[in-house]
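Below you'll find the structure, written out as structure tokens, and then a few comments.
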Amino acid sequence: MDKLIKGLHHVGVAVSSLDDALKSYRSALGLEPTFVKEVKDQKIRVASFRLGESSIELFEPTDPTSTVAAFLAKRGEGMHHVALAVDDIREALEAAQKAGAVAIDKEPRIGAEGQLIAFLHPKSTRGTLVELCQER
Ligand code: ZN
């Protein structure tokens, strides 16, 4: 698995108000977002902060039926997932499943920045939702 993972792509943090979170990140950390955008099919609004090779993504639900709204109701604000950079998402997804990880996405789909992404269920990755992420 080592060679399949190239690095930390981003950390995803669920927030109840993106505007409030942006204020906090500006004042407490001096960070300005690289972009803020709505991802309609995931029913979220995302702000991304580039930090070297990686980034932090804050996202708020834009609709009560969003899975992020369900996450916030259950767990509150905080870290939602860790995204790992891969060169070949199909190969990484297959290797993870062969090793016993449970794929939420059996096939890669398109992420917020147009990357290919696929999630692994946290019950098979020690309690943390893991996203595999391939730049295109
Ligand atoms: Zn992500």
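Just so you know, these numbers come straight off a predicted model, no measurement behind them. Note that these values count all heavy atoms, side chains included, but never hydrogens, waters or copies made by symmetry.
Atom CG of residue Leu8 and atom OG of residue Ser54 lie 4.0 Å apart, to the nearest 0.5 angstrom. Annotation: the span from Leu18 atom CG to Tyr25 atom OH amounts to 10.5 Å, rounded to 0.5 Å.
Closest of all the heavy-atom pairs between Ala69 and Pro64 is CB-O, 3.5 Å. Between Val68 and Ala14, the shortest heavy-atom distance links the atoms CG1-CB, 4.1 Å. Nearest heavy atom pair, residue Ala92 against residue Val86, reads CB-CG1, 3.9 Å. Across all non-hydrogen atoms, the minimal contact from Ile89 to Gln134 is N-OE1, 2.8 Å. Here the closest non-hydrogen pair linking Arg90 and Pro108 is NH1-CD, 3.6 Å.
Remark: Leu51 pairs with Leu31, Ile56 by the side-chain contact (heavy atoms from CB on, under 4.5 Å) rule, at least two apart or across chains. Residues that satisfy the ring pair (Phe, Tyr, Trp, His ring centres under 6.0 Å) test with His9, not counting sequence neighbours, are absent from this structure. Legend: residues meeting side chain to side chain donor-acceptor pair (under 3.5 Å) with His80, ordered by chain and number and at least two apart, are absent. Asp87 pairs by the salt bridge (Lys or Arg N to Asp or Glu O under 4.0 Å) definition with Lys6, not counting sequence neighbours. Every residue two or more places apart in sequence or in another chain that forms a side chain to side chain donor-acceptor pair (under 3.5 Å) with Glu32 is listed here: Arg26. Evaluation of the side-chain contact (heavy atoms from CB on, under 4.5 Å) rule for Lys74 yields no partner, not counting sequence neighbours. Applying the side-chain contact (heavy atoms from CB on, under 4.5 Å) rule to Ser24 yields no partners; only residues at least two apart in sequence or on another chain are considered. Evaluation of the side chain to side chain donor-acceptor pair (under 3.5 Å) rule for Glu113 yields Gln115 as partners, not counting sequence neighbours. In this view, Ala103 and Leu93, Gln97, Lys106, Leu120 satisfy the side-chain contact (heavy atoms from CB on, under 4.5 Å) rule, not counting sequence neighbours. Residues that satisfy the side chain to side chain donor-acceptor pair (under 3.5 Å) test with Arg75, not counting sequence neighbours, are absent from this structure.
No more than 12 heavy-atom neighbours from other residues, nucleotides or ligands sit within 6.0 angstrom of CZ on Arg126.
In the hydrophobic clustering, Ile117 connects to Ile104, Phe119, Leu129, either directly or through intervening members, whenever side-chain heavy atoms lie under 4.5 Å apart.
Between His81 and His10, the ring planes are perpendicular. Angles over 60° get that label, and only those under 30° would be called parallel.
A salt bridge is defined here as a Lys NZ or Arg NE, NH1 or NH2 lying under 4.0 Å from an Asp or Glu carboxylate O, and Glu94 with Lys98 meets this definition.
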For residues 33-41, run the donor-acceptor check on the side chains, cut-off 3.5 Å, and write out each pair with its distance to 0.1 Å, sequence neighbours left out.
{"residue": "Thr34", "atom": "OG1", "partner": "Ser48", "partner atom": "O", "Å": "3.2"}
{"residue": "Thr34", "atom": "OG1", "partner": "Arg50", "partner atom": "N", "Å": "3.0"}
{"residue": "Lys37", "atom": "NZ", "partner": "Ala112", "partner atom": "O", "Å": "2.7"}

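The closest side-chain heavy-atom distance from Leu116 to Ile110 is below 4.5 Å.
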